[in-house]
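One-based numbering, in listed order, for ligands and for the atoms of each.
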Amino acid sequence: MHEKDIMNNRSAIASTAFLLAALAAPALRGQAPATLSVELSRPKAAVSPMLYGLMTEEINYSYDGGLYAELVRNRTFRSDWTGILNWFLIEKGTASAKVSVDPKEGPSAALPSSAKVEITKADVNSPAGLLNEGYWGIAVRPNARYTGSLFAKSDSQGTLPVRIALVADQSGQVLAKASVSVTGSGWKEYKFEMQSGNGAASSENHLALTIDRPATLWLQLVSLFPPTYHGRPNGNRIDIMEKLAAMRPTFLRFPGGNYLEGDRIATRFDWKKMIGPLVDRPTHPTTWSYHSTDGMGLLEFLKWCEDLHMQPLLGIYAGYSLGGQVVKPGPDLDPYVQEGLEEIEYVTGGTDTKWGAVRARDGHPAPFTLRYVEVGNEDSFDRAGTYDGRYAQFYKAIKAKYPNIQVIATMPVKGMTPDVVDDHYYKREQGMFEEARHYDNTDRNGPKIFVGEWATREGTPTPNFGAALGDAAFLTGLERNSDVVVMSAYAPLFVNVNPDGMQWSSDLIGYDALNSYGSPSYYAQAMFASCLGDHTLNSSVSGAGTRFFYSVTSSTNKLCVKLVNASSTEQPVSIALNGIGAGTHSARIDTLKANTTWATNTITHPERIVPVKSTASIKGERVQHVMPGYSIQVLQIDLK
Ligand code: AHR
């Protein structure tokens with residue numbers, strides 16, 4: 001179901017005259033009544049239109065086994081002492097075969113090895129071959145078209161038919177099938193398509209590649225995609241993209257995070273190895289303990305931005321890797337500065353530039369708009385203390401060539417004022433309540449702030465309702481101060497909920513091979529982004545408990561009031577809308593609430609906590625409102 005449908009289907013249309021009614025079931029009344037005064041004719045500060053965006057990196061199987069829709073796990077046949085990972089031998093009936101890695105046979109310089117399948121005995125009734133387990137299964141949906149490809153060569157005279165099938169793990173039923181005829185002893189790419197039938201959607205399936213005669217077959221880059229978002233080849237999962245779209249993000253910070261830096265310089269996000277045909281991408285180990293296919297490369301990130309109308313916010317490698325390797329500022333750093341400039345050219349350059357032409361070769365002649373570049377990630381961890389020099393060197397080079405790009409620093413920089421500084425917050429609920437006031441007194445003459453990573457870390461794999469309350473409270477602080485906090489993004493964005501899928505807990509969106517769900521924090525953020533306004537209003541609150549938070553913004557046609565009651569009991573609020581006049585205004589109220597802070601959504605109970613929509617009519621300037629205990633509300637009041 002689409003996210004907007006969830007919001008709509010849950011609508012409990014409760015139209016009341018003149019006041020906003022409490023949505024809660026009867027609860028203990030404990031909070032003293034609060035008064036919230038809003039001065040509609042006294043705008044205070046501008047709200048950044050880019051306040052809400054996304055941050056992403058390869059962590060928790062975010063792309064491989066996540067957003068990137070590839071169904072085959074370890075499509076490049078990496079192995080360890082146990083054998084080829086995620087692939088298993090098939091020997092049906094009397095067939096006999098073995099499989100090994102051939103380090104000398106591969107289709108490209110990037111992929112110089114392959115799986116060598118030696119079949120000594122096989123026939124039509126006793127085929128042999130390989131099975132791939134997928135990312136904790138392979139989702140097969142009814143009447144879906146699957147698009148695949150593989151590189152192969154064989155020692156057979158003539159043609160060697162290779163049968164490809166999606167097979168149900170338990171029944172052995174073939175759910176979709178295709179075949180390719182491998183010809184000749186040289187490497188070639190073979191493409192195929194297969195269509196599933198009417199059966200129910202399931203992820204307890206595997207991929208089987210089989211042969212019905214003795215032969216030796218070399219395989220590399222075996223790939224299979226389901227239908228993808230916007231039908232993009234090498235594209236993204238539809239359900240997850242729809243969840244992101246419902247958040248209305250304005251930018252995407254990529255590719256990290258620690259993933260940008262790598263454990264070592266050699267394992268950084270080396271963008272030149274992540275463009276062009278997949279067969280030319282060598283893949284690489286990530287800092288999050290698993291290997292990346294690099295199918296989600298630089299251009300795929302940019303297309304993701306294009307699909308969701310987000311601006312790219314490009315993190316460039318800045319000479320520091322997590323294991324402690326640092327490139328000294330000065331001539332040693334020059335090649336990395338050059339690499340960053342070339343990356344910017346790949347993103348923004350016309351086809352008459354060297355790297356813009358490469359992007360066109362890769363299928364995207366139109367340049368992308370890039371306004372923000374971030375130099376490194378969390379460089380306060382650099383014990384050698386070299387960031388001042390490294391940032392300055394990147395800043396100078398970027399500004400010389402791209403004066404309009406805002407250059408984000410990952411920490412304050414001595415000797416200069418960066419355009420924007422990236423602050424990160426990972427705290428428990430209580431800590432985030434405190435941080436909700438962090439920027440109230442920030443110097444407005446200093447750099448702008450990008451809260452490039454933040455999360456209330458309670459709940460695993462995804463945050464619980466207590467975390468959503470901490471998140472919503474924190475966001476009220478960002479909104480109130482969004483003249484200085486120009487952008488923000490929760491992190492991490494994704495988690496594959498299967499065993500070993502998670503390296504970092506409290507992640508916004510969870511999924512397995514078949515399904516995905518939004519955490520309470522996800523819904524809180526979607527609600528906040530649904531009514532942003534373009535300026536804050538002068539306002540004040542009195543009488544509220546310490547766990548009450550709010551922000552008020554407006555634009556010509558609407559007033560957005562965000563309220564967070566993080567106490568377990570109802571919070572009566574008398575809202576004075578000074579200046580709205582004596583007339584009647586319609587209002588929409590989105591409410592997210594739970595009975596305990598530990599309540600949450602899961603992959604098996606994905607919609608326990610979702611926004612409930614109601615409507616109301618407001619007459620005059622005084623509104624008596626009662627917030628349920630443990631609730632987050634967005635009141636959108638029509639000012640027309
Ligand atoms: O979001 C998880 C990690 O937290 C990021 O990779 C890193 O930047 C931060 O320390």
Side-chain angles (χ1 to χ4, degrees), residues 52-67 244 247 249 251-265 267-270 284-292 296 301 313-326 372-383 387 390-391 408-412 420-428 431-432 435 449-463 467 470-471 474 487-497 500-510 519 521-522 525:
Y52 294 125
L54 303 176
M55 184 274 171
T56 180
E57 66 176 316
E58 183 59 282
I59 182 176
N60 302 325
Y61 291 86
S62 283
Y63 315 137
D64 293 347
L67 181 69
L244 297 179
M247 293 180 75
F251 67 87
L252 180 71
R253 174 183 175 224
F254 67 88
N258 294 356
Y259 179 61
L260 167 70
E261 303 164 82
D263 286 336
R264 294 172 291 114
I265 295 174
T267 57
R268 70 191 184 283
F269 184 84
D270 197 348
H284 82 290
T286 72
T287 190
W288 292 110
S289 79
Y290 61 96
H291 206 90
S292 168
M296 179 66 82
F301 280 110
L313 190 160
L314 179 66
I316 56 176
Y317 180 75
Y320 166 72
S321 292
L322 281 173
Q325 269 186 306
V326 181
Y372 291 95
V373 166
E374 180 157 5
V375 177
N377 176 59
E378 293 191 339
D379 289 85
S380 55
F381 286 107
D382 166 11
R383 293 217 193 102
Y387 191 64
R390 289 189 288 113
Y391 175 82
I408 303 171
T410 69
M411 60 183 287
V420 183
V421 173
D422 180 357
D423 288 349
H424 293 177
Y425 297 87
Y426 290 111
K427 301 205 166 181
R428 292 285 177 87
M432 293 306 261
E435 297 297 354
I449 304 295
F450 168 39
V451 182
E453 294 180 28
W454 65 270
T456 308
R457 297 196 66 200
E458 294 195 14
T460 185
T462 49
D471 291 342
F474 182 66
M487 294 174 290
S488 69
Y490 185 100
L493 183 58
F494 295 138
V495 62
N496 187 311
V497 300
D500 301 330
M502 182 182 78
Q503 293 84 51
W504 181 287
S505 62
S506 298
D507 307 295
L508 200 64
I509 295 171
S519 62
S521 295
Y522 163 83
Q525 289 177 53

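- One option in Gln503, Glu261, Glu453 has a heavy atom closer to atom 9 (C) of ligand 1 than any other, and that option is Glu453.
- At least one donor-acceptor pair under 3.5 Å links the side chain of Thr286 to the backbone N or O of Trp288.
- Nearest residue to atom 7 (C) of ligand 1 from Thr56, Asp422, Asn258 is Asn258 (criterion: closest heavy atom).
- Protein heavy atom nearest atom 6 (O) of ligand 1, with residue, atom name and distance: Glu57 OE2, 2.5 Å.
- For atom 10 (O) of ligand 1, the nearest non-hydrogen atom of the protein is Glu378 OE1, 2.6 Å.
- Not a single heavy atom of Gly256 sits closer than 4.0 Å to an atom of ligand 1.
- When Tyr259, Tyr426, Phe381, Trp504 are ranked by how near their heavy atoms come to atom 1 (O) of ligand 1, first place goes to Tyr426.
- In this structure, Trp454 has its ring center no closer than 6.0 Å to that of Tyr426.
- Residue-ligand proximity, Gly257 to ligand 1, at heavy-atom distances under 4.0 Å covers atoms 6 (O), 8 (O).
- Aromatic rings from Tyr387 and Tyr320 are positioned such that their centres are separated by 6.0 Å or more.
- In summary, the aromatic rings of Tyr425 and Phe474 are positioned with their centroids under 6.0 Å apart.
- Note on ring orientation: taking the six-membered ring where Trp is involved, the planes of Tyr61 and Tyr290 are parallel (angle under 30°, cut-offs 30° and 60°).
- Taking the six-membered ring for Trp and the full ring otherwise, Phe301 and Tyr63 have centroids separated by under 6.0 Å.
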